[in-house]
2 protein chains.
Amino acid sequence: MGKGEQTRQVILDEAFSLASCIGVGALSIGVLAERTHMSKSGLFAHFGSKEELQLAVLRESQARFGEAVVRPALREPRGLPRLRAMLANWLDWTRAVNLPGGCVINAAAAEFDDQPGPLRDEVRKALIALRDTLGEAVARAVAEGHLRSDTDIEQLVFEITGIYQATQQSRRMLNDPDAGRRASAAFERLVRDYAVPTEKE
Amino acid sequence: MGKGEQTRQVILDEAFSLASCIGVGALSIGVLAERTHMSKSGLFAHFGSKEELQLAVLRESQARFGEAVVRPALREPRGLPRLRAMLANWLDWTRAVNLPGGCVINAAAAEFDDQPGPLRDEVRKALIALRDTLGEAVARAVAEGHLRSDTDIEQLVFEITGIYQATQQSRRMLNDPDAGRRASAAFERLVRDYAVPTEKE
DNA sequence: GACTTTAACGAACGATCGTTCTATAAAGCG
DNA sequence: CGCTTTATAGAACGATCGTTCGTTAAAGTC
């Protein structure tokens with residue numbers, strides 16, 4: 001890795017955790033330059049524009065999400081165990097990746113949902129990719145016979161994303177120590193409702 | 001209402017819908033002055049600081065939420081019907097109140113969850129008030145015999161907030177036309193699980 | 001209608017914003 | 001080593017930021 005790539009990564013690291021706290025939209029080149037002990041222009045040259053830097057942060061976030069949430073879950077047996085692992089990783093990934101503020105993309109989703117442009121498009125792409133991944137895991141759980149064959153996959157994914165967001169808000173804004181437990185309870189209720197009916201009763 | 005209060009309300013109206021699109025944090029006095037055809041200093045004088053303006057927007061949002069979501073629901077019979085009405089109003093209130101972007105407070109919750117200060121405190125207050133209101137409605141549903149007596153009220157509230165957020169994200173970012181239907185399905189599943197068991201079977 | 005209070009303006013402040021340009025230092029390569 | 005490419009710094013740009021001040025016009029009061 002050349003010198004350029006190297007410092008670019010240093011910048012991105014800092015931008016990533018800063019964006020986690022103040023939001024991608026509030027990132028500023030001046031502040032970022034100060035934090036990385038660089039000149040504004042030197043830092044700027046690595047991206048060419050502020051928007052490109054913001055896009056890089058969003059892409060970085062997706063990459064780390066894949067590493068911290070999806071990939072480890074693939075080691076679990078396919079079907080429900082894997083889905084469960086994915087959700088568990090997801091709920092805690094901001095801790096694992098040392099993100100001081102919440103998930104960058106999730107915050108960006110609320111920030112840019114009414115501002116058309118490349119940033120919104122990138123966030124949208126990330127959300128869709130996540131839903132696809134979750135949907136795939138659910139489909140596997142159906143195929144493995146862990147969930148009913150008439151399971152509405154998108155409905156399940158919809159509800160899981162709801163659980164995630166409720167958990168984050170409870171934790172981050174309301175300091176609710178029970179958030180994790182509530183998330184589990186919600187998910188187990190979900191699984192119970194969609195589980196294949198037992199032969200008894 | 002004196003002249004002062006009057007223009008203050010005009011400013012607040014504009015700030016409210018602008019904040020809905022770009023976020024409370026991105027509000028700018030210059031832009032707001034332009035939109036209301038006022039001078040920066042003239043507008044500024046009504047609030048004394050930008051933060052005070054932002055707080056006023058958050059309070060305005062709470063007031064409108066009460067008018068559009070909570071109050072109409074109080075006309076429904078207490079218990080499950082009222083809770084159902086509340087959720088229905090909630091899911092659509094940004095349309096009813098003519099909010100171009102999503103709910104101001106919900107967006108602010110994601111924006112300020114890591115930035116201590118009066119703004120975060122105000123958002124927190126609003127979220128807690130909402131959860132209290134929802135909790136009260138659920139408790140009534142239990143008292144009326146619509147839901148099981150051992151219902152975990154906070155758990156139910158938790159899950160309802162999840163449904164709301166999933167719905168907003170699906171609608172606003174993913175343009176999912178089925179979001180409303182999915183929200184209903186999730187809520188009905190919730191109610192079914194917590195309903196008093198029928199005497200049969 | 002005279003007087004007091006309040007609302008609004010216009011100009012200016014220092015700070016920061018993203019960006020551009022030119023120059024210098026470092027890195028990569030033969 | 002010498003040479004080319006790349007990375008970084010520094011200064012400056014116009015724009016916008018939130019805020020302050022002094023002044024004028026309007027609203028409210030008796």
Side-chain angles (χ1 to χ4, degrees), chain A residues 1-19 21-60 104 108 111-112 115-120 122, chain B residues 1-16 18-19 21-60 104 108 111-112 115-122:
Chain A
M1 181 165 61
K3 185 83 197 323
E5 283 297 319
Q6 194 177 317
T7 61
R8 193 190 139 103
Q9 196 56 49
V10 170
I11 298 168
L12 230 41
D13 280 1
E14 189 61 38
F16 182 57
S17 73
L18 181 57
C21 288
I22 67 173
V24 181
L27 280 177
S28 121
I29 295 190
V31 171
L32 220 39
E34 199 175 326
R35 292 210 183 198
T36 53
H37 309 292
M38 289 184 66
S39 66
K40 282 205 303 176
S41 54
L43 188 148
F44 183 86
H46 282 273
F47 301 93
S49 76
K50 181 187 174 180
E51 192 174 62
E52 209 58 51
L53 185 153
Q54 293 172 310
L55 282 172
V57 168
L58 290 177
R59 295 197 194 99
E60 176 77 10
V104 173
E111 191 175 359
F112 295 119
Q115 300 173 256
L119 293 176
R120 196 194 115 109
E122 188 67 30
Chain B
M1 180 166 60
K3 186 82 197 331
E5 283 296 321
Q6 193 177 316
T7 60
R8 192 190 139 103
Q9 195 57 49
V10 170
I11 298 169
L12 229 42
D13 280 1
E14 189 62 39
F16 182 56
L18 180 57
C21 289
I22 67 173
V24 182
L27 280 177
S28 121
I29 294 189
V31 171
L32 220 39
E34 198 175 327
R35 292 211 182 198
T36 52
H37 310 291
M38 289 184 65
S39 66
K40 282 206 302 175
S41 53
L43 188 148
F44 182 86
H46 283 273
F47 301 93
S49 76
K50 180 186 174 180
E51 192 174 62
E52 209 56 52
L53 185 153
Q54 293 171 310
L55 283 172
V57 168
L58 291 177
R59 295 197 194 99
E60 176 77 11
V104 173
E111 191 174 359
F112 295 120
Q115 299 173 258
L119 293 176
R120 196 194 115 108
D121 294 344
E122 189 67 31

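A, B, ... follow the sequence lines: proteins, then strands. Residue 1 opens every chain.
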Asker: Note down the inter-axis angle between the two ends of the helix from C/dG1-D/dC30 to C/dG30-D/dC1, five pairs each, to the nearest 10°.
Answerer: 20°
Asker: Could you tell me whether A/A45 contacts a base, only the sugar-phosphate backbone, or nothing, with contacts defined as non-hydrogen atoms closer than 4.0 Å?
Answerer: base
Asker: Could you tell me which residues satisfy side-chain hydrogen bond (donor to acceptor under 3.5 Å, both in side chains) with A/R59, sequence neighbours excluded, listed by chain and number?
Answerer: none
Asker: Would you give the length of the straight line joining atom CD1 of B/I22 to atom CZ of A/F112, rounded to the nearest 0.5 angstrom?
Answerer: 11.5 Å
Asker: Keeping the roles fixed (side chain from B/Q54, backbone from B/V24), state whether a donor-acceptor pair exists under 3.5 Å.
Answerer: yes
Asker: Got a second to check how far B/I11's CD1 is from B/T36's OG1, nearest 0.5 Å?
Answerer: 5.5 Å
Asker: On DNA chain D, nearest-nucleotide positions of B/K3 versus A/S41: which is more 5'?
Answerer: A/S41
Asker: Per the side-chain hydrogen bond (donor to acceptor under 3.5 Å, both in side chains) rule, what does the pair list look like for residues 44-53 of chain B, sequence neighbours excluded?
Answerer: B/T7-B/H46
Asker: Specify the separation, in whole Å, of atom CZ of B/F44 and atom C1' of C/dA12.
Answerer: 15 Å
Asker: Select from B/K40 and B/T7 the residue whose nearest nucleotide in DNA chain C is closer to the 5' end of that strand.
Answerer: B/T7
Asker: Closest approach of B/P118 and B/L55, non-hydrogen atoms and distance?
Answerer: O-CD2, 3.7 Å
Asker: To the nearest 0.5 Å, how far apart are CZ in A/R8 and CG in A/L53?
Answerer: 8.0 Å
Asker: Extract, from 5' to 3' on DNA chain D, the first and final nucleotides lying under 4.0 angstrom from some heavy atom of chain B.
Answerer: D/dC17 to D/dG28
Asker: Look only at the side chain of B/E111 and the backbone of B/G25, and say whether a donor-acceptor pair between them is shorter than 3.5 Å.
Answerer: yes
Asker: Under 4.0 Å, heavy atom to any atom of DNA chain C: which of residues 28-39 of chain A qualify?
Answerer: A/S28, A/I29, A/G30, A/V31
Asker: Test of understanding: with side-chain hydrogen bond (donor to acceptor under 3.5 Å, both in side chains), list the residues that count as partners of B/Q9, not counting sequence neighbours.
Answerer: B/D13, B/E60
Asker: Once salt bridge (charged side-chain N to carboxylate O under 4.0 Å, His left out) is applied, do any residues pair with B/D121, and if so which ones, sequence neighbours excluded?
Answerer: none
Asker: How do B/G4 and A/G4 order along DNA chain D: which one's closest nucleotide is nearer the 5' end?
Answerer: A/G4
Asker: For residues 26-35 of chain A, tabulate all N or O donor-acceptor pairs below 3.5 Å that involve a side-chain atom, not counting sequence neighbours.
Answerer:
{"residue": "A/S28", "atom": "OG", "partner": "A/G30", "partner atom": "N", "Å": "3.4"}
{"residue": "A/S28", "atom": "OG", "partner": "A/V31", "partner atom": "N", "Å": "3.1"}
{"residue": "A/R35", "atom": "NH1", "partner": "A/E14", "partner atom": "OE2", "Å": "3.3"}

Asker: Could you check which residues of residues 46-55 of chain A get a heavy atom under 4.0 Å from DNA chain C? Sort them by number, please.
Answerer: A/S49, A/K50
